[in-house]
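Worksheet for the structure shown next.
Letters A, B, ... mirror the listed sequences (proteins, then strands); counts begin at 1.
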2 protein chains.
Amino acid sequence: MKLTKTAEYALRILIFMAKKPDQLYTAKQLVEELNVSDKYLRRLMTDLSKSGFIRSVQGRDGGYIFTKGTDKIFLFDIVHSVEGMDKLNGCVLGFEKCSCTNPCAMHDTWEHVRDELNKVFRQTSLANMDFEKILRY
Amino acid sequence: MKLTKTAEYALRILIFMAKKPDQLYTAKQLVEELNVSDKYLRRLMTDLSKSGFIRSVQGRDGGYIFTKGTDKIFLFDIVHSVEGMDKLNGCVLGFEKCSCTNPCAMHDTWEHVRDELNKVFRQTSLANMDFEKILRY
DNA sequence: CATAAATACTACCAATAAGTAGCATATAAA
DNA sequence: TTTATATGCTACTTATTGGTAGTATTTATG
């Protein structure tokens, strides 16, 4: 019951970048600040670029930079792109037939958790972070 | 962001058994009702026995039965025993140093989710299930 | 144009979770 | 005491996630 490492990393990286959202960040810099292995981070950055949150600037003096305002990027979008929020929104007991009209024995109980989680992820953007708090490893 | 299959299975099984909590259930019966592979379920049953929720009756006419009232078994205990609730209660960004006194940038936001989840898992026992809802696969 | 400093891509390796197979053990009852 | 019907244990296989290595590509600058 937790995010995948990949989702954790994606959030770490983008939240870190969001403190100074107009800056260009190199992979090297991010690897040093956050505790993510070099190659894995680079691959993740490529994925995040393809998802449209950032774009890469290749060649010397290259790096990564946001493609849009951080207030337009919600945690939901990030987690969804790297691990699929569907995971959360499926039946907690894994019953395929479970739905609101044909709920499982935990459906109503679980709904409170699901709602809270969706709310937090959908309402929180990269601009709403506590940037004075821990951002790096 | 979801339970492991093992936790899903454990909940499925125990919730199913909780409908008639004084009955003895065989692995065969549970395998047929719930969609869990035979050997995997048996191993899980042994784990759940060792954790003290149920006990096994070996030999012919054997099976599994609760060791205590279902109102004494909380979802928290079950999930904790098979996958560790620590997972949820760690920092959402995976920062080891993160704590209430030295929080990460998402700490306060995430706390609402964590609290809701803990509340639901800690307050819901196997006696509080909607037994008229879907229980089987 | 050569070089340095950056990202991109592909293929492989490791760790963990999930699932399978086979044999051992226990016990009620004919 | 044999047999049928249960669970218990150990080792193996498979799938997924996380991580690594090496090479190719891009581009600013002397």
- Item | Verdict with supporting geometry, S125(B) and N128(B), side chain to side chain donor-acceptor pair (under 3.5 Å) | CA-CA 5 Å; S125(B) 78; N128(B) 306 135; 3.2 Å; yes
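- Straight-line distance from the CG atom of L41(B) to the P atom of dG8(D): 11 Å, rounded to whole Å.
- Between the P atom of dT16(D) and the NZ atom of K87(A) lies a distance of 11 Å, rounded to the nearest Å.
- Note: OH (Y64(B)) to P (dT5(D)) measures 17 Å, nearest angstrom.
- A salt bridge links D38(B) with R42(B): at least one charged nitrogen is closer than 4.0 Å to a carboxylate oxygen.
- With the end axes of the helix from dC1(C)-dG30(D) to dA30(C)-dT1(D) each set by five pairs, the angle from one to the other reads 10° at 10° resolution.
- When side chains are defined from C-beta on, L30(B) counts as touching M45(B), because their heavy atoms get closer than 4.5 Å.
- Between S37(B) and the phosphate of dT20(C), there is a side-chain N or O to OP1/OP2 separation shorter than 4.0 Å.
- Contact check for L3(B) versus L93(A): no side-chain heavy atoms found under the 4.5 Å cut-off.
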Taking N or O atoms only and anything under 3.5 Å, show me the protein contacts with nucleotides 9-15 of chain C, one pair per line.
residue : atom : partner : partner atom : Å
dA11(C) : N6   : R43(A)  : NH1          : 3.2

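- Within residues 7-29 of chain B, the residues having any heavy atom closer than 4.0 Å to DNA chain D are, in order of number, T26(B), A27(B).
- Using a 4.5 Å heavy-atom threshold, the side chains of F16(B) and I13(B) count as separate.
- Here S56(A) does not reach the OP1 or OP2 of dA6(C): none of its side-chain N or O atoms lies under 4.0 Å away.
- Looking at M1(B) and V79(A), their side chains never come closer than 4.5 Å, going by heavy atoms from C-beta outward.
- Linking Ile, Leu, Val, Met, Phe, Trp and Tyr residues whenever their side-chain heavy atoms come within less than 4.5 Å places L11(A) and I134(A) in a single cluster.
- Counting non-hydrogen atoms under 4.0 angstrom, S49(B) reaches nothing in the nucleic acid.
- Taking atom CG of residue D38(B) and atom P of nucleotide dA6(D), one finds them 12 Å apart after rounding to whole Å.
- Look at CD1 on I65(B): it is 15 Å from C1' on dT7(D), rounded to the nearest Å.
- A donor-acceptor pair is defined here as one N or O able to donate and one able to accept, closer than 3.5 Å; such a pair exists between the side chain of T67(A) and the backbone of G52(A).
- One atom, NZ of K2(B), and another, P of dT17(D), lie 11 Å apart when rounded to the nearest Å.
- Rounded to a whole Å, the CG atom of D47(A) is 14 Å from the P atom of dG19(D).
- Distance L44(A) CG to dT20(D) P: 14 Å, rounded to the nearest Å.
- K97(B) places a side-chain N or O within donor-acceptor distance of the main-chain N or O of Y137(A), the cut-off being under 3.5 Å.
- Separation of atoms CZ (R12(A)) and CG (L135(A)) is listed at 12.0 Å; rounding is to 0.5 Å.
- No side-chain heavy atom of F121(A) sits less than 4.5 Å from a side-chain heavy atom of F74(A).
- A donor-acceptor contact shorter than 3.5 Å is absent between the side chain of E83(A) and the backbone of T6(A).
- Applying the side-chain contact (heavy atoms from CB on, under 4.5 Å) criterion to H107(A), with sequence neighbours excluded, gives C98(A), C100(A), P103(A), C104(A), E111(A), R114(A).
- Residues satisfying the side-chain contact (heavy atoms from CB on, under 4.5 Å) test with F66(B), not counting sequence neighbours, are L14(B), M17(B), A18(B), P21(B), I54(B), T70(B), I73(B), L126(B).
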- Task: Any chance you could list the contact pattern along nucleotides 25-30 of chain C? Use B for base contacts, S for sugar-phosphate-only contacts and - for none, protein heavy atoms under 4.0 Å, 5' to 3'.
- Result: -BBB--
